[in-house]
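Here's the structure, in structure tokens; my notes come after.
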Protein chains: 2
Amino acid sequence: MEEGTVEPLDDYDVRQWDTREDCEVRQILDRIADKWSLLVIALLDCQSLRFTQLRREIDGVSQRMLSVTLRQLERDGLVSRTVHPVVPPRVDYALTPLGRTLHQTIKSLVTWTEAHQEEIAAARAAYDARREMMES
Amino acid sequence: MEEGTVEPLDDYDVRQWDTREDCEVRQILDRIADKWSLLVIALLDCQSLRFTQLRREIDGVSQRMLSVTLRQLERDGLVSRTVHPVVPPRVDYALTPLGRTLHQTIKSLVTWTEAHQEEIAAARAAYDARREMMES
DNA sequence: CGGGATCCCCCTCGATACTG
DNA sequence: CAGTATCGAGGGGGATCCCG
């Protein structure tokens with residue numbers, strides 16, 4: 001590593017982002033950044049919904065994946081599950097206080113994406129065009 | 001809805017979260033919230049790195065996945081790729097201005113996770129304990 | 001209605017080998 | 001060094017059935 005052209009890592013602490021595979025933060029991120037989790041958290045903001053309502057709202061989710069996602073979110077303490085002892089059964093899902101704080105954070109991510117989606121689309125088009133040039 | 005227990009929506013409408021499967025924002029989110037993308041963006045903040053350096057820093061990434069990830073990020077205009085015409089070949093990766101704005105956003109997500117990881121761990125432990133009770 | 005259990009397919013990803 | 005090409009295993013996730 002004699003090549004001093006690249007800045008050394010040490011003093012800006014990149015290591016605050018843990019790059020280890022078994023990192024706890026990584027696990028949690030993988031979970032909450034999940035496609036369905038994101039949408040469930042989005043929809044549960046400021047309202048509680050029943051299983052079937054969620055399923056109807058979220059286009060393309062299978063019953064199994066919604067079930068799995070909700071169980072994970074419940075386990076992580078982000079979503080609460082309330083069973084009403086009636087027939088037919090009724091189960092309500094809502095964000096916990098912890099889940100509500102996450103909603104704000106996720107919202108900023110979505111906002112960024114919405115704000116920049118045209119730039120990204122343009123970058124993709126440019127990239128694809130460039131590649132097509134190369135091939136011909 | 002009408003349950004006033006939750007904090008108000010301000011001017012924000014939940015319905016603007018697009019739940020359609022083919023939604024553009026969803027695609028982009030899936031990409032940037034990706035495990036490896038997150039780490040690459042993290043590491044490239046404030047410095048440029050070579051392929052092998054990235055590979056060494058990111059524990060567990062295969063050569064193929066790093067390559068694929070970098071190409072996607074480049075295509076999306078988040079990362080720039082600079083080839084130096086020397087032998088042996090040298091390629092530097094860095095964040096574009098667009099990528100740098102994303103870094104801030106992602107960082108807040110990571111910060112949230114770091115701040116709440118104990119709460120989540122506790123929630124999981126409680127959930128698992130509860131389930132174990134049920135079974136016995 | 002709200003799911004658990006099962007089967008099975010496809011797609012992702014890792015390993016390996018090869019190139020400029 | 002910095003990748004691409006190919007192949008094969010594994011698991012995520014859909015479809016279906018069934019039960020409380």
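A note on names: the letters A, B, ... follow the listed sequences, proteins ahead of strands, and every chain is numbered from 1.
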Which of B:Gln47, B:Gln53, B:His84 passes side chain to side chain donor-acceptor pair (under 3.5 Å) with B:Asp92? It is B:His84
If you check the A:Arg81 side chain, which of D:dG3, D:dC1, C:dG3 turns out closest? C:dG3
Treat each ILVMFWY residue as a node, draw an edge where side-chain heavy atoms are under 4.5 Å apart, and state whether B:Ile41 and A:Val25 are in one component. yes
Interatomic distance where CZ belongs to B:Arg90 and P belongs to D:dA2 [whole Å]: 8 Å
Which of these nucleotides, C:dG14, C:dG3, D:dG3, is closest to any side-chain atom of A:Phe51? C:dG3
Interatomic distance, A:Leu70 CG vs C:dG3 C1' [rounded to whole Å]: 11 Å
Considering every strand and a 4.0 Å limit on heavy-atom distances, what is the contact class for B:Arg71: base, sugar-phosphate, or nothing? sugar-phosphate
Selected nucleotide, minimal atom distance to B:Met65 side chain, candidates C:dC13, D:dG14, C:dG3: C:dC13
Do the charged groups of B:Arg100 and B:Asp45 touch, with an N to O distance under 4.0 Å? no
What's the CG-P distance between B:Leu66 and D:dA2, to the nearest Å? 10 Å
Taking only the side-chain heavy atoms of A:Ser67 (C-beta and beyond), determine which of D:dG3, C:dG3, C:dC1 contains the nearest atom. C:dG3
Tell me whether the side-chain N/O atoms of B:Thr52 come closer than 4.0 Å to OP1 or OP2 in D:dA2. yes
Between C1' of D:dG3 and NE2 of B:His84, the distance in whole Å: 16 Å
Whole-Å distance, B:Leu54 CG to D:dG3 C1', equals 14 Å
Is the closest basic N to carboxylate O distance between B:Asp18 and B:Arg26 below 4.0 Å? no
Name the residue closer to the 5' end of DNA chain C, choosing between A:Gln53 and B:Arg64 according to the nucleotide with the nearest heavy atom. A:Gln53
Is a salt bridge present between A:Asp128 and A:Arg130, judged by a nitrogen-to-oxygen distance below 4.0 Å? no
Return the value, rounded to whole Å, for the distance between atom CD1 of B:Ile58 and atom C1' of D:dA2. 15 Å
Send over the distance from B:Gln72 CD to C:dT12 P, rounded to a whole Å. 10 Å
Would you tell me if any nitrogen or oxygen in the side chain of B:Arg50 comes within less than 4.0 Å of OP1 or OP2 on D:dA2? yes
Which nucleotide, D:dC1, C:dA17, C:dG3, lies nearest any side-chain atom of A:Tyr93? C:dG3
Sorted by position of nearest nucleotide on DNA chain D, 5' first, the leading residue of A:Asp34 and B:Val91 is B:Val91
Quick one: A:Arg131 CZ to D:dG3 P, roughly how many Å, whole number? 12 Å
